[in-house]
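This report concerns only the one structure given below.
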Amino acid sequence: MSDILENGPRRPKSRLRYGALILVGAAVVAIIAVRAGQHRSPEKKVAQPVSRTAAPYFGPAPTAPPAHQLKGVPLGRDTQAELLLAGSGLATVDAGSGNTNSVFALNLQALQRGSFITALVRLHGGVAASVTGVGGSVLLLNNHGSTVRTIASAPLVAAAADDSDLWLLGAAGDAGSTAITRIDESGRVLAGPTDIPLGTVYRGTPAGLVGYSARAQAVEVWNTSTGKATRIAAADPHNSYLDGTADTVAWTDDSAACHLHCIRVAQIGDRISVRTITLPAGYLVSAQLGAGAISRDGTRLAVVADETAHRDGPLASRAVLSVDLASGATRIVPGTAFAGEAADVRLSLAWDPDGRALWIADSDDRDAIPAQLGRWPLGGPLEVTTTRTSEVGTILRLDP
């Protein structure tokens with residue numbers, strides 16, 4: 001399976017880059033600067049006096065580091081992280097001795113032979129990844145990244161309430177329904193297969209599977225034991241699941257009341273409650289994959305947010321927002337505000353298991369521009385280190 005996880009082609013170009021041909025020269029200069037390891041501030045071209053015997057001379061070309069990179073202080077000396085990098089296999093970012101924080105990254109963009117990873121689910125023993133292809137394959141990467149094996153066949157997977165189980169999702173006989181099968185980490189079938197009337201499944205909870213029902217035009221909880229659905233909230237068909245835990249699920253939609261400017265958060269227990277959190281004026285949830293991450297204690301949501309001059313206009317800026325799910329208070333994570341073309345960088349998010357720090361990776365598809373890994377300890381500055389590759393897939397942090 002190594003050919004699936006390594007050397008995947010670059011992600012598709014965005015609309016910004018198609019219209020930015022005039023910036024090619026500047027990009028080449030930035031690439032040369034990074035390869036040379038230079039990080040000086042740009043120098044203006046200054047014309048020297050022209051003598052009768054010498055040709056005109058201009059100062060050296062600008063050598064500024066790429067503008068898209070995360071800004072912050074070097075990663076803390078007590079941090080060590082492992083990354084599975086797109087095209088580079090497993091790499092280690094070592095900032096000193098101390099705690100070991102394992103961070104795995106898998107490419108969610110196109111891979112070789114027309115396949116791509118459609119979903120990632122954290123399990124006790126590693127990470128399950130659904131990979132498209134003939135019938136679809138479900139891979140299990142163990143916690144130390146040393147083995148990858150196929151445990152099932154399915155086009156999609158979703159998290160179960162228990163981190164030792166996994167839901168396989170497939171096409172059902174009826175439109176707007178999903179075929180579900182629950183398996184364990186070895187691939188052994190625990191329940192199903194059966195069809196449920198959810199067109200999109202978000203994840204499993206103790207109360208049942210949460211997802212979008214086209215029939216009800218709402219987000220519902222489907223109790224797999226009783227076969228009954230409980231309505232959570234109305235939702236537009238163009239809804240987007242952000243992230244969830246066993247008792248918290250977050251999504252956004254394009255309804256007239258939201259238009260991607262808000263986040264719906266459902267608390268699922270003996271009773272179900274839903275609240276709406278509105279992003280700061282001008283921001284909307286980014287359309288990129290993996291735009292949200294809920295801390296494991298369910299208290300905070302990190303989300304990639306875009307700012308545009310108007311709803312369908314060009315991207316003006318991109319930033320990572322931290323949302324307190326209890327108060328609704330929102331703040332921009334320091335060092336993650338990108339403007340103009342720099343906003344076209346892909347940002348990946350993951351929380352420490354204890355919820356005390358947020359991990360952020362930025363990556364671009366321009367060769368030789370290193371991606372960066374950042375760790376934000378909530379109250380302090382963003383800690384940053386440079387990776388060994390120019391592209392990092394979506395990151396998923398695991399327990400050491």
Legend entry - Donor-acceptor pair, side chain of Glu185 and main chain of His124, under 3.5 angstrom: yes
Legend entry - Single-linkage hydrophobic cluster, 4.5 Å side-chain cutoff, Val304 and Val333 together: yes
Inset, instruction - Quick one: closest heavy-atom pair of Ala161 and Pro206, and the distance? - result: CB-N, 3.6 Å
Legend entry - Thr200 OG1 to Leu156 CG distance, which is reported to the nearest 0.5 Å: 9.0 Å
Legend entry - Leu169 side chain near Val157 side chain, heavy-atom distance below 4.5 Å: no
Legend entry - Hydrophobic cluster identity match, Leu209 and Val221, side-chain contacts under 4.5 Å: no
Legend entry - same_hphob_cluster(Val303, Leu284) at 4.5 Å side-chain heavy-atom cutoff: no
Legend entry - Heavy-atom side-chain proximity of Thr230 to Ile232 below 4.5 angstrom: no
Inset, instruction - For residues Asp254 and Leu260, report the shortest heavy-atom separation together with the two atoms involved. - result: OD1-CG, 4.0 Å
Legend entry - Ring geometry between Tyr202 and Tyr241 (parallel below 30°, tilted from 30 to 60°, perpendicular above 60°): parallel
Inset, instruction - Quick one: pull up OG in Ser177 and CH2 in Trp222 and give me the separation to the nearest 0.5 Å. - result: 8.5 Å
Inset, instruction - For atom CZ of Arg275, decide whether the heavy atoms of other residues, nucleotides or ligands shown that lie under 6.0 angstrom number more than 12. - result: yes
Inset, instruction - Treat each ILVMFWY residue as a node, draw an edge where side-chain heavy atoms are under 4.5 Å apart, and state whether Leu358 and Leu321 are in one component. - result: no
Inset, instruction - For the pair Asp184 (side chain) and Gly187 (backbone), establish whether a donor and an acceptor sit closer than 3.5 Å, ignoring hydrogens and angles. - result: yes
Inset, instruction - Measure the CD-CG distance between Glu383 and Leu373 for me, rounded to the nearest 0.5 Å. - result: 10.0 Å
Inset, instruction - Work out which heavy atom in Ala160 is nearest to a heavy atom in Leu166; give both atom names and the distance. - result: CB-N, 4.0 Å
Inset, instruction - Before giving the answer on side chain to side chain contact (heavy atoms under 4.5 Å, CB included), spell out for Leu242 and Val285 the whole-Å C-alpha distance, their side-chain angles and the decisive distance to 0.1 Å. - result: CA-CA 9 Å; Leu242 296 175; Val285 178; 3.8 Å; yes
Legend entry - Thr245 side chain to Asp247 side chain, donor-acceptor N/O pair below 3.5 angstrom: yes
Inset, instruction - Could you give me the CA-CA distance, side-chain angles and deciding distance for Val274 and Val219, then say whether side chain to side chain contact (heavy atoms under 4.5 Å, CB included) is met? - result: CA-CA 11 Å; Val274 180; Val219 174; over 6 Å; no
Legend entry - Side chain proximity check, Asp324 to Thr299, heavy atoms < 4.5 angstrom: no
Inset, instruction - Locate the shortest heavy-atom distance separating Arg231 from Glu220; write the atom from each residue and the value. - result: CA-CG, 4.1 Å
Inset, instruction - Would you indicate whether the side-chain heavy atoms of Leu382 and Arg375 approach each other to under 4.5 Å? - result: no
Inset, instruction - State, yes or no, whether a side-chain contact exists between Trp167 and Thr224 at a heavy-atom distance under 4.5 Å. - result: yes
Inset, instruction - Ignoring hydrogens and angles, state whether a donor on the side chain of His238 or Asp253 is under 3.5 Å from an acceptor on the partner side chain. - result: no
Inset, instruction - Evaluate the side-chain proximity of Tyr283 to Thr330: yes if any heavy-atom separation is below 4.5 Å, no if none is. - result: no
Inset, instruction - Mind listing the closest non-hydrogen atom pair of Ser286 and Arg318 along with its distance? - result: OG-NH2, 3.5 Å
Legend entry - Residues Ser137 and Thr150: side-chain donor-acceptor under 3.5 angstrom: no
Inset, instruction - Considering non-hydrogen atoms only, spot the tightest contact between Pro193 and Thr181 and give its length. - result: CB-OG1, 3.2 Å
Legend entry - Pair Val210-Trp251, side chain to side chain contact (heavy atoms under 4.5 Å, CB included): steps then yes or no: CA-CA 11 Å; Val210 180; Trp251 72 94; 5.8 Å; no
Legend entry - Side chains of Trp351 and Ile294 in contact at under 4.5 Å (non-hydrogen atoms): no
Legend entry - Atom pair CG/CZ of Asp174 and Arg215 - distance to nearest 0.5 Å: 11.5 Å
Side-chain donor-acceptor distances from residues 264-271 under 3.5 Å, at least two apart:
from   : atom 1 : to     : atom 2 : distance (Å)
Arg264 : NH1    : Thr276 : OG1    : 2.8
Gln267 : OE1    : Thr248 : OG1    : 3.1

Inset, instruction - Enter the distance from His261:NE2 to Thr252:OG1 here, rounded to the nearest 0.5 Å. - result: 9.5 Å
Legend entry - Leu198 side, atom CG; Tyr212 side, atom OH - distance, nearest 0.5 Å: 11.0 Å
Inset, instruction - Is it possible for you to say whether Leu378 and Val320 belong to one hydrophobic cluster, with membership spreading through side-chain heavy-atom contacts below 4.5 Å? - result: yes
